[in-house]
Every structure is written in C-alpha cells, then in structure tokens.
Amino acid sequence: MTVVTRFAPSPTGFLHIGGARTALFNWLFSRHHGGTFRLRIEDTDAKRSTPEAIEGILDGLGWLELDWDGDTVFQSRNAARHAAIAEQLLASGNAYRCFCTPDELAQMRTEARAQGRTRLYDGRWRDRDPAEAPAGISPVVRVKMPLQGQTVIQDLVQGEVTVANQQLDDFILLRADGSPTYMLSVVVDDHDMAITHVIRGDDHLNNAFRQLHLYQACGWDIPDFAHIPLIHGSDGAKLSKRHGALGVDAYRDMGYLPEALRNYLLRLGWSHGDEEIIDTPQAIAWFDLDSVGRAAARMDFTKLESLNAHYIRQADRDRLIELIRPQLERSLGHPIDDPGLERLNKGLDGLRQRTKTLLELAESALIYCRHGPLPISPAAAKLLDPDATAHLKRLSIPLRALAPWNEQNLESLLREYCEQSDIKFGKIAQPLRAALTGTTKSPGIFEVMNILGRDEVLRRLSMVTGETEPGFFPGR
RNA sequence: GUCCCCUUCGUCUAGUGGCCUAGGACAUCGGCCUCUCACGCCGAAAACAGGGGUUCGACUCCCCUAGGGGACGCCA
C-alpha cells in the first residue's frame, strides 16, 4: 500500500507553528515511505476563509520547502459530492433530518451541561417521522451514531484510545442551507483522495471517533490515525501571539532559516536517540510515527536560535548574502557597492561565527559595507580616549607603509608596535576595533583590518584621530 | 461540568522490567583558549509529580490522587 498523507489547514489565519509541524510530519512521513503528500485547503466555512490566509499558508509551506504532490484541493469545490454522500446516508438510513431550531439546541446544550453530560443533542428527531416537522424550518442532516457500546481507535501516536458511544452524539452532516460541515467533508475528501494516514493535531482526537463511524456508515476503509501533541507557549499555556502563535513568515522575518525551523520542529515531539542536529535528508531517512512523543511540548526560542546559529554556519555563502541583503541595504540606506560586497564575501565566515539570526548577521555585516562616517557606539567611544587615539595616530604611519597588506604582516606590525611602546596588545587592539568597526565586538582585528584594506583602515582611523588623510574626505 | 489525552533536569528529550550511582541537547554557572565577542574544548549544578499495588527487581506494568492540555458549534 502506498502511503498518502495530507496537510489540511483551514484558511482562517496564517500558517502557525503548530500547523507547520503537522505539515512537516505529514511531509516527512510520506517522503520516508516514498508516498504522496497532498495539500487540501479546508475552506468549507466561507464566512471565515480568506484568500489572504490561503496565500499565507501557501507562502509558509513554500518557505519551509515542504512541497506537495498533485493539485491543491479546495474542499469547498467538493461540496456537491459531500452533499451527495449525505443523501446516500439518508437513503441508507444512516442519517436523518433534524428540525430543531437553534434555540432548542441551545437549550439542550445548557441542560446537558448542567446534568454533566457530554452528549448534547438528545437525538429527538432520530426516529421521529419527518411528517411531524414544524413548518418553516429547514432541517439539517444528522448522522446516526451508535447508542451503545464503545469505540476504539488504534492511534499510531496515542495508542489505543477508547470512548463510550454514549458520548458521541448525532453530529450534523449538512447544514440547514444544505452545505456540508467539516466532519462530513474531511471524511469524504480523505476517502476520495485515498489518504492512508491521517496525521494531525491532538485536538482532533475526539473527532476521530465520530469520523470512524461515518467511514463505516459509508462502507469505506478507515485510514490510520496519528494524533500528534500540540505545541504550547514557553509558559506552558496555550500558544498566543506573545510566544509563538505567529505565522511562519514571522519566523522568517526574525531571521531564522527554514532548515533550522524544520530541525527544531522535528525535535519537538519526535526523537531519534540522542540526535539533535538532523538535516532534512537524514530526517526523511529516520522519521517514523512511533518515535513521536505523546506529551505537548513548549516552544523554546533559545533552542531554535542555537539550531539557527548552527545552520547559519553551514549555509552557502552566496545564499546568506542574498538573504541578508534587503535588511543590510535598508540599514545602509543604499545598495551594497562592489568593494562592500567583496569585503562581505571575505568577512562572512568571521561574522557568521558570532551570529544566531540573519538579523544579527545583517547587522554585523554593516562594518564591511558602510561608507561615510562610522557610527561609534558609546562603549566604543569610551575606548577611544586621548591616550588610545594617540597610539592610533602613531600607528597609522607604519600602517601606511606596510607591504604587503595581509594578516600576518599586520600582526607582526602591531605586536612589534606594542613591544616597542611597552604596552599590552589589548591596549591597542580594542581601540583599533572601536575605531574600525564602531563597536567593541567583532571578528579578529587582523582579519578585520585585512578585509577592510589599507585605504579604508586609514580612512577610518583618521576619522577618530581627527587627522585628515591626504586624498580622503570623510563622508566620501 | 462531562469525556479524552498527557506528566523524566528550567526547556526539548533518551529510556519499552535489571545496562540507570537516570544519558544527550539548549539554557545556566565555572575553567581553558584569547585582541573583544563568538566558536571550540573541559567541568559543574539540574529531573523520573505524589501515593498505592504487581514483581526477586520498577523511570519503565496496573490503580488512585494531583497538576496540565484538548474536545464538547448548523467552526475547522
């Protein structure tokens, strides 16, 4: 049997982190088994579905690089088919029309709640003659659920789950306006799409019992179910905007790499021994459902960040530069020029070593791409006291003559200078860093000087020493 | 309220009755490296929710309690 999975989001909002993980698990499972992964937009609620949300979900999946097979299915387009199945069920006696008014239902609900019952609809039209129907009420269609016994699901993640059939009420298949409900639509579509494994959030576990009977009423094969635990916020409570119920686009904007997010999401609720860094090919090779945990997990940005730092260090250089380019140029206020790009290329490895997000990387790249006056941070300014400035002034003379300009020679020159002046190396390295980068943290100072090049180094030094470099005008 | 699910370090987790004086990762705290910040390396602190069983032996199996989560729509 070929595995067919699906991701079936409802387009009522963006693709959030929980949905992303569900999509990932479905994708991984199908890829692992050489099966098919399909996408279905559950837009049966026209009132709440928006084109923007659909767009957002597609974008999110695209960014995460979770590709799906075949066409995207829009559930709403299958409404006629869903309704036809309901009619069939009506004909076969597995469903019936219910003429209850919303008021009646509301009353039933309060009563049921007060009496501590889960089943709220009392089935009053289940065996009643439709001839008794009150005038002016368009009925809904309800499915008949078993009255006695129990229903057992062998969930691939949760194990055996049992519920008493008395808990299951006759849910609605067709609304008063004849439109199909989610319960009906999922079952019909999953069957029509030949879905073999329904992998979805834990919040659907209760639905599975109802759906199981619907499958049976239709005489269809029942797919395997796998209900994966939900993701909670960092405080253990339900995910809120504050801690992660963001669209995946927000993660992109925060400077995370899709492969980092995938790795993070994968390890949230799934494990393969002690493995932590798992790239996607490896994940496909290893992924299975019985290693999925049963407990809800909390979103932990710190861990995501550390994974992200890892993938930034692995990433292709050109790709990284393209990724940070928009932000970089925004901060710069102008496009990166060729010398800037060249320096960035050389300096990227040094920079990426000390950043956790693309945002930080773009920020740190400024030291190589900026022209004009360099903003000096307060901490850096503190380093540039008169004493230090005097050293820098003195240093620029041998610097001007240094040949060839490379890390090794820069190091010998600086070390020699310190020795002759009888000062510790840090005494000169830190002011240099401050003058050259405007900050107190940067890659190694020889690396920075080497990449910046003689002219730029002298230019930046002159800006803090107050000396005008012949031929150079601050501000360019 | 009712039903369903869950419960190992702060967090993600390993653990499928003896390999556990409970392992790894992130975070934290020390140290080394060192021109800063990182990286890297070394080390420390840190958990089986509680109570009953079952068993020669329970983190592992069963029950209860507590806590957490989910569901209870003519939403999906």
Side-chain angles (χ1 to χ4, degrees), chain A residues 8-12 42-45 47-49 75 98 100 102 105-106 109 112-120 138-142 155 157-159 161-164 166-169 171-177 179 181-183 185-186 201-209 227 229-230 232 234 236-238 264 267-277 291 293-307 309 313 350-356 364 379 383 411 414-415 418 424-434 437 439-446 448:
Chain A
S10 62
T12 52
E42 311 238 306
D43 56 349
T44 49
D45 185 359
K47 287 188 283 293
R48 301 203 310 155
S49 302
Q75 192 157 63
C98 164
C100 287
L105 253 15
R109 196 169 304 140
R113 199 69 70 100
Q115 290 170 30
R117 282 184 283 122
T118 304
R119 173 187 238 162
L120 56 94
S138 29
V140 298
V141 173
R142 288 182 185 270
D155 191 274
V157 169
Q158 303 295 337
V161 187
T162 306
V163 75
Q166 284 168 0
Q167 305 297 332
L168 276 22
D169 55 9
F171 60 91
I172 295 177
L173 260 22
L174 247 34
R175 301 186 183 99
D177 65 1
S179 65
T181 61
Y182 160 80
M183 279 297 191
S185 300
V186 244
D202 224 353
D203 48 342
H204 285 285
L205 184 56
N206 289 293
N207 291 335
F209 295 107
H227 289 93
L230 269 16
H232 289 164
S234 40
K238 193 170 177 155
Y264 175 72
R267 281 290 289 106
L268 216 53
W270 178 86
S271 61
H272 185 83
D274 285 338
E275 301 293 338
E276 297 287 348
I277 306 284
S291 301
R294 298 204 258 185
R298 299 184 186 203
M299 181 71 205
D300 179 5
F301 278 93
T302 319
K303 188 144 185 179
L304 204 208
E305 232 171 42
S306 109
L307 242 15
R313 278 175 239 136
L351 298 175
R352 81 211 298 191
Q353 205 68 256
R354 43 214 104 211
T355 54
K356 292 186 188 304
S364 72
L383 251 20
E411 171 152 15
L414 289 183
R415 298 248 184 234
C418 288
K424 291 183 48 172
F425 186 69
K427 189 87 174 152
I428 192 71
Q430 276 303 77
L432 261 176
R433 188 180 328 273
T437 70
T439 69
T440 56
K441 305 176 225 175
S442 83
I445 197 65
F446 312 122
V448 170

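All chains are named by letter (A, B, ...) in the order of the sequence lines, taking the proteins before the strands, and each is independently numbered beginning at 1.
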From the set B/rA76, B/rA27, B/rC74, return the single nucleotide nearest to any side-chain atom of A/E42. B/rA76

Base paired to B/rA44 (Watson-Crick or G-U; both N/O distances under 3.5 angstrom): B/rU28

Report the residue (A/G426 or A/L268) whose heavy-atom-nearest nucleotide on RNA chain B is the more 5′ of the two. A/L268

With heavy atoms under 4.0 Å as the rule, sort A/T44 into base, sugar-phosphate or nothing. sugar-phosphate

Using the P atom as the point on both nucleotides, what is the distance between B/rU60 and B/rC4, in whole Å? 23 Å

Could you please name the option among B/rC4, B/rU13, B/rC75 that lies closest to any side-chain atom of A/R175? B/rC75

Mind checking the C1' distance from B/rA49 to B/rG69? Whole angstroms is fine. 16 Å

Look at atom CD of A/E411 and say whether more than 12 heavy atoms of other residues, nucleotides or ligands are closer to it than 6.0 Å. yes

Take atom CG of A/D202 and atom P of B/rU7, then tell me their distance rounded to the nearest Å. 11 Å

Shortest non-hydrogen separation from A/H232 to A/A296 and the atoms involved: CE1-CB, 3.4 Å

Side chain A/N207 and base B/rA71 donor-acceptor under 3.5 Å: no

Rounding to a whole Å, what distance do you find between A/F209:CZ and B/rC72:P? 14 Å

What contact category does A/S306 fall into here, base, sugar-phosphate, or nothing, at under 4.0 angstrom with non-hydrogen atoms? sugar-phosphate

Taking atom types as they are modelled, is there a donor-acceptor pair under 3.5 Å from the base of B/rA25 to the side chain of A/K303? yes

Between C1' of B/rU36 and NZ of A/K427, the distance in whole Å: 15 Å

Could you tell me how far B/rA14 sits from B/rC20 if I compare only their C1' atoms? Round to whole Å. 12 Å

Counting only Watson-Crick pairs (N1-N3 plus N6-O4 or O6-N4) and G-U wobbles (N1-O2, O6-N3), all under 3.5 Å, who is the partner of B/rA14? none

Here the distance between atom C1' of B/rU34 and atom CG of A/L432, to the nearest Å, is 17 Å

A/S138 or A/F446, whichever maps to the more 5' nucleotide of RNA chain B: A/F446

Would you kindly check whether a donor in the side chain of A/R294 faces an acceptor in the base of B/rC5, or vice versa, at under 3.5 angstrom? no

Output the rounded distance in Å from CD (A/Q353) to P (B/rU36). 16 Å

If pairing requires Watson-Crick or G-U wobble contacts with both distances under 3.5 Å, which nucleotide is the partner of B/rU34? none

What's A/T162 touching, base or sugar-phosphate or nothing? Going by heavy atoms closer than 4.0 Å. sugar-phosphate

Among the nucleotides B/rC35, B/rC12, B/rC4, whichever has the atom closest to the side chain of A/L205 is B/rC4

Across all strands, who's sitting opposite B/rA71 as a Watson-Crick or G-U wobble pair, both distances under 3.5 Å? B/rU2

By centroid distance (under 5.5 Å) and plane angle (under 30°), are A/H232 and B/rG68 in a stacked arrangement? no

Regarding A/L307, tell me which of base, sugar-phosphate or nothing describes its non-hydrogen contacts under 4.0 Å with the strands shown. nothing

Nearest 0.5 Å please: distance from the NZ atom of A/K424 over to the SG atom of A/C418. 11.0 Å

Base, sugar-phosphate, or nothing for A/H227, non-hydrogen atoms under 4.0 angstrom? nothing

Which atom pair, heavy atoms only, marks the closest approach of A/P11 to A/D43? CG-CB, 3.8 Å

Using a heavy-atom cut-off of under 4.0 Å over every strand shown, decide if A/S271 touches base, sugar-phosphate, or nothing. sugar-phosphate

Whole-angstrom distance between B/rG51 and B/rG67, as gauged at atom C1': 15 Å

Expressed as a whole number of Å, how far does the P atom of B/rU21 sit from that of B/rC42? 25 Å

The nucleotide from B/rC6, B/rA71, B/rU36 with an atom nearest the side chain of A/D203 is B/rA71

May I ask you to say what A/V161 touches in the nucleic acid, namely base, sugar-phosphate or nothing, with a heavy-atom cut-off under 4.0 Å? sugar-phosphate

What is the pairing partner of B/rC59, taking Watson-Crick or G-U wobble pairs with both distances under 3.5 Å in any strand? none

Check every strand shown and say whether A/G269 touches a base, only sugar-phosphate, or nothing at a heavy-atom separation below 4.0 Å. sugar-phosphate

OP1 or OP2 of B/rC35 under 4.0 Å from side-chain N/O of A/R415: yes

Shortest side-chain distance from A/A297, nucleotide among B/rG40, B/rU13, B/rC74: B/rU13

Looking at every strand, decide which applies to A/C100 at a 4.0 Å heavy-atom threshold: base, sugar-phosphate, or nothing. base

Considering every strand and a 4.0 Å limit on heavy-atom distances, what is the contact class for A/A295: base, sugar-phosphate, or nothing? sugar-phosphate

Taking the P atom of each, how far is B/rG15 from B/rG52, in whole Å? 28 Å

Pair A/F171 and A/F209, ring centroids less than 6.0 Å apart: no

Between B/rG24, B/rC35, B/rC26, spot the one nearest the side chain of A/D300, thanks. B/rC26

Write down the distance between OH (A/Y182) and P (B/rA71), rounded to a whole number of angstrom. 12 Å

For residues A/V448 and A/P443, report the shortest heavy-atom separation together with the two atoms involved. CG2-O, 3.6 Å

Is B/rC39 paired to anything, Watson-Crick or G-U wobble with both distances less than 3.5 Å, and if yes, which nucleotide? none

Distance-only donor-acceptor test, A/D274 side-chain atoms vs B/rG23 base atoms, 3.5 Å: yes

Taking the P atom of each, how far is B/rG23 from B/rA66, in whole Å? 33 Å

A/H272 NE2 to B/rU13 P, in whole Å, measures 16 Å

Among the nucleotides B/rG24, B/rC74, B/rA76, whichever has the atom closest to the side chain of A/H204 is B/rA76

Quick one: label A/P229 by what it contacts on the DNA or RNA (base, sugar-phosphate, nothing), any heavy atom closer than 4.0 Å. nothing

Measuring only the C1' atom in each nucleotide, how far is B/rC19 from B/rU65? A whole number of Å is fine. 33 Å

Least distance between heavy atoms, A/V186 atom then A/Q75 atom: N-NE2, 3.6 Å

Quick one: label A/G273 by what it contacts on the DNA or RNA (base, sugar-phosphate, nothing), any heavy atom closer than 4.0 Å. sugar-phosphate

Can you find a donor-acceptor N/O pair under 3.5 angstrom joining the side chain of A/R354 to the base of B/rC37? yes

Tell me what A/I445 touches on the nucleic acid: a base, only sugar-phosphate, or nothing, going by heavy atoms under 4.0 Å. base

Which pair of non-hydrogen atoms, one from A/Q158 and one from A/H227, has the smallest distance, and what is that distance? NE2-O, 2.9 Å

Side chains of A/R175 and A/S179 only: does a donor on one sit below 3.5 Å from an acceptor on the other? yes

Take atom CZ of A/R298 and atom P of B/rU8, then tell me their distance rounded to the nearest Å. 10 Å

Watson-Crick or G-U wobble partner of B/rA66, both distances under 3.5 Å: B/rU7

Does A/M299 offer a backbone N or O that forms a donor-acceptor pair with the side chain of A/Y264 under 3.5 Å? no

Taking B/rC12, B/rA76, B/rC35 as options, the one with an atom nearest any side-chain atom of A/R433 is B/rC35

